[in-house]
Chemist: 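If you scroll down you'll find the structure; I have some questions about it.
In the text below, chain A, chain B and the rest are named by the order of the sequence lines, each starting its count at 1.
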Number of protein chains: 2
Amino acid sequence: MNETRPSSKPLYQQVKQHLVYRVLKGEWKPGQCLPSEMRLAEEYHLSQGTVRKAIEEMASEGLVTRQAGKGTFVTSHNGDYQPFRFHRLYRNAGGKVAGNEATYLETRQAEADERIAHGLHIAPGSTGTESLRLRHLDTQPVLLERIFLSDDLCPEAWRILQQHSPGSIYLILEQEYNLLITKVVEQVRARAATAEEARFLSIEPGVAVLEVERVAYSLGGEPVEWRTMVGMTDTIHYRNEMG
Amino acid sequence: MNETRPSSKPLYQQVKQHLVYRVLKGEWKPGQCLPSEMRLAEEYHLSQGTVRKAIEEMASEGLVTRQAGKGTFVTSHNGDYQPFRFHRLYRNAGGKVAGNEATYLETRQAEADERIAHGLHIAPGSTGTESLRLRHLDTQPVLLERIFLSDDLCPEAWRILQQHSPGSIYLILEQEYNLLITKVVEQVRARAATAEEARFLSIEPGVAVLEVERVAYSLGGEPVEWRTMVGMTDTIHYRNEMG
DNA sequence: CAGTGGTCTAGACCACATC
DNA sequence: ATGTGGTCTAGACCACTGA
C-alpha cells in the first residue's frame, strides 16, 4: 500500500478522520460496536497496525471505548460510562454534588437573551427551552441551575424535560436528538446574589455567590446547551485538577 | 525476549516506570536528552517498538518532549515549553492574564497556618517563605496572590524570591530545587473581600471576590507550593475547558 | 552524511468474551 | 472454537536535524 500518496497527512490520521466522520453521521450509534480492526484494515486496504493507531487516538479522546475480547464501542453517556465527568462542584467535606437530589422548579418556552445568544452563537430572541432546577445537599438548597436549549437543535425539548424526573440532560440530548456532548467550557465568576437567587437558596440578597456559566458542545463542535449554576461556597466549591 | 515472565504488567509499562524513576532521580535533568530508542532498546534487551510505546506514554503525560531528527528531552519550564499551561484566569475581554505585569509586595519568612498545613500535608507552624504579589491589568490592580513554599523542600526560598523580578515561580523551583511541577489542583470559591484585599484591589470591603486556592505537585507527587489568588470578576474570570 | 523520531507493514502469541 | 483487542517483534522507508 505504498503508492506514494501525495496526500500530506499520515494514513492513520486520514483513517481516524474518516472514522470520526462515520460515527458523526450515525453509521454506528452510541453504544454500538464498530467493525473489528481486521475488518477495517481490509476495508481501507491497510495493515491492522495502522487502523489500530487511528482507533487508539479516538479512544484516548473518549469518542470510543475498547474492550478486549468484545470490541470497540461508540461512547455513550448511559451504559457503563462515567456520567459525571463534567461535574466540578464538590461538597467542601468531600464527595461530588450528585444529580439525584435535584428538583425541577419550572420548564418553559423562552427566548435567548444577549448572554445566551452570545454563548450559543444564535440570534438574540431565538426561541428555545429554559429550565430551572434546584440542587440540594441533605435538605439544604445549595445550587440553582438555569438551562437553555435552542429550538434549532432541540425542538420541543420542554415536553421531554417536563416528563422526565431530574436526570442527566446529556443523556436526553443523546437519546432524543442524537447529540453527544464531548466538550464543555465553563467560566466562573463571583458576584452578589440577586433577590431571586437569595430566595431559592435561603440566603440574604447581596451575599457573595459563585456563578458557573457553561456552554456544552456536541461531537461536531456545535454549541448545544447553555447553563448557569449559582451557589454559595460555604458548602460547595469548584474544583479543577490539571496536569 | 519471550522468557515467559511471571511479572504481570506489560513490558512497556515496566520500562516506562523505570524510565520515570531514572528521570526522577536526576539521571537526565530537565532540558537534557534521553538516549535514543535504539540505545534504550539494546539496554533493556527489547525491541524498539516496545521502548517507543513506553516513551510515547511519557510524552503524552508531558514528562518528556520528542522532536523528530533531534531526540527525546526531559520537559523543562524554560526552553520552548508553554509557560502558562496552568493559568486559568482570563480577562473578560479575551486574553490570559499575563505574568509580566506583576509587582512583589512583600517576601518574608512565615509559618504555615492551618489551611496551608492542610494543603501541603505539613505540620501547622512549619516554617517557610511567604510572598505577596499584585497583578495588574493595564494600570488597574486585579489579582492579589499569596504564595507559600515550605522550608523542607525549598530552604532559603525568600532569598531567591527577593532577588528575582516577578517571574515564573515554577521555573525557579525547577532550576534551584530540581522540583518539576507537573500537576496542580485548584479550588474556587466566592466570598466577601477582606479589608486588606479591598485596600490592595481598590475596592470596597465586602464586595464579592473570587478566591482560587492552588496546591502544586512535583513530578514525584509531593505537594510543593500553596497559593491563593483573589480578585474581582468584573475584569477577569476563571475559565476551564473539559473534554 | 549518520542519527533521530514518525510511519507502516506483517507476522506472532496472549488473555479474554461469546457461543 | 472463534474472534476480539493487547502486547511484542523485526524490519522497512520517510523527513528532519546537525555536523
Side-chain angles (χ1 to χ4, degrees), chain A residues 1-19 23 28 31-76 79-81, chain B residues 1-19 23 28 31-76 79-81:
Chain A
M1 316 305 144
N2 278 338
E3 304 126 12
T4 330
R5 300 170 177 256
S7 144
S8 53
K9 278 205 293 185
L11 288 177
Y12 77 91
Q13 289 282 5
Q14 300 177 36
V15 172
K16 176 190 166 193
Q17 194 175 324
H18 193 239
L19 288 175
V23 169
W28 311 291
Q32 283 185 346
C33 178
L34 269 66
S36 74
E37 293 177 356
M38 284 304 288
R39 267 186 226 291
L40 288 171
E42 286 167 18
E43 182 181 339
Y44 286 108
H45 300 287
L46 292 169
S47 81
Q48 189 187 6
T50 304
V51 172
R52 175 185 296 267
K53 195 158 183 183
I55 300 178
E56 269 172 355
E57 279 207 2
M58 292 167 70
S60 80
E61 290 168 11
L63 215 170
V64 297
T65 306
R66 319 196 76 191
Q67 280 178 262
K70 297 182 76 174
T72 302
F73 301 85
V74 179
T75 294
S76 164
D80 308 323
Y81 209 60
Chain B
M1 314 310 146
N2 278 337
E3 304 124 13
T4 330
R5 299 171 179 256
S7 146
S8 51
K9 278 205 293 186
L11 288 177
Y12 77 91
Q13 288 283 6
Q14 300 176 37
V15 171
K16 176 189 166 193
Q17 194 175 323
H18 193 240
L19 287 175
V23 169
W28 310 292
Q32 284 186 346
C33 178
L34 269 66
S36 73
E37 292 177 357
M38 284 304 288
R39 268 187 226 291
L40 287 172
E42 287 168 17
E43 182 182 338
Y44 286 110
H45 300 287
L46 292 169
S47 81
Q48 189 187 6
T50 304
V51 172
R52 175 184 295 267
K53 193 156 184 183
I55 300 177
E56 269 173 354
E57 279 208 1
M58 292 167 69
S60 80
E61 291 167 10
L63 215 170
V64 296
T65 306
R66 319 196 77 191
Q67 280 178 260
K70 298 183 73 174
T72 302
F73 301 84
V74 179
T75 293
S76 164
D80 308 322
Y81 209 60

Chemist: Any side-chain N or O of Arg52(A) below 4.0 angstrom from OP1/OP2 of dG5(D)?
Modeler: no
Chemist: Glu42(A) has an atom CD; how far is it from atom P of dT9(C), in whole Å?
Modeler: 14 Å
Chemist: Quick check on dT7(D): is either OP1 or OP2 less than 4.0 Å from any side-chain nitrogen or oxygen of Lys53(B)?
Modeler: yes
Chemist: Going from CD on Gln48(B) to CD on Glu42(B), what distance comes out if it is rounded to the nearest 0.5 angstrom?
Modeler: 10.0 Å
Chemist: Do Lys16(A) and Leu19(A) have side chains that approach each other closer than 4.5 Å (heavy atoms only, starting at C-beta)?
Modeler: no
Chemist: Please determine if a side-chain N or O atom of Ser47(A) lies less than 4.0 Å away from the OP1 or OP2 oxygen of dC8(C).
Modeler: no
Chemist: Measuring to OP1 and OP2 of dT7(C), would you say a side-chain N or O of Tyr12(A) lies under 4.0 angstrom away?
Modeler: yes
Chemist: To the nearest Å, give me how far apart CG (Leu46(A)) and P (dG11(C)) are.
Modeler: 15 Å
Chemist: Would Leu11(A) and Gln14(A) satisfy side-chain contact (heavy atoms from CB on, under 4.5 Å), going step by step from the backbone distance to the final call?
Modeler: CA-CA 5 Å; Leu11(A) 288 177; Gln14(A) 300 177 36; 4.2 Å; yes
Chemist: Would you please confirm or rule out a distance under 4.0 Å between OP1 or OP2 of dG6(C) and any side-chain N or O of Arg66(B)?
Modeler: yes
Chemist: What's the spacing between Leu34(B) CG and Met58(B) CE if we round to 0.5 Å?
Modeler: 6.0 Å
Chemist: Which whole-number value in Å describes the distance from Glu57(A) CD to dC8(C) P?
Modeler: 11 Å
Chemist: At less than 4.0 Å, is any side-chain N or O atom of Ser36(B) found next to OP1 or OP2 of dT4(C)? Yes or no.
Modeler: yes
Chemist: Once you round to the nearest 0.5 Å, how far does OG1 of Thr72(B) lie from CD1 of Ile55(B)?
Modeler: 5.0 Å
Chemist: Can you tell me the pairing partner of dG3(D) across any strand shown, Watson-Crick or G-U wobble, with both distances under 3.5 angstrom?
Modeler: dC16(C)
Chemist: Less than 4.0 angstrom between a side-chain N/O of Thr50(B) and OP1 or OP2 of dT7(D), yes or no?
Modeler: no
Chemist: How long is the span from the CE atom in Met38(A) to the CD atom in Glu43(A), to the nearest 0.5 Å?
Modeler: 13.0 Å
Chemist: Can you measure Tyr44(A) atom OH to dT9(C) atom C1' for me and round it to whole angstrom units?
Modeler: 19 Å
Chemist: Let me know the distance between CD of Gln13(B) and P of dG6(D), rounded to the nearest Å.
Modeler: 13 Å
Chemist: When both hydrogen-bonding distances must be under 3.5 Å and the geometry is Watson-Crick or G-U wobble, what is dA15(D) paired with, if anything?
Modeler: dT4(C)
Chemist: Please write out the pairs of protein N or O atoms and N or O atoms of nucleotides 15-19 of chain C separated by less than 3.5 Å, giving the distance to one decimal.
Modeler:
none

Chemist: Can you see which heavy atom on Trp28(B) is nearest to which on Val74(B), and at what distance?
Modeler: O-CG2, 3.7 Å
Chemist: Side chain of Pro10(B): nearest nucleotide among dT9(D), dT7(D), dC8(C)?
Modeler: dT7(D)
Chemist: Can you tell me how far the OG atom of Ser47(B) sits from the NZ atom of Lys53(B), to the nearest 0.5 Å?
Modeler: 11.5 Å
Chemist: Tell me: CG of Leu40(B) to P of dT9(D), nearest whole Å?
Modeler: 14 Å
Chemist: How many whole angstroms separate atom CD of Gln48(B) from atom C1' of dC8(D)?
Modeler: 13 Å
Chemist: Rounded off to whole Å, could you give me the CD-to-P distance for the Glu56(A) and dT7(D) pair?
Modeler: 8 Å
Chemist: Has Thr72(A) got a side-chain N or O lying under 4.0 Å from the OP1 or OP2 atom of dG5(D)?
Modeler: yes
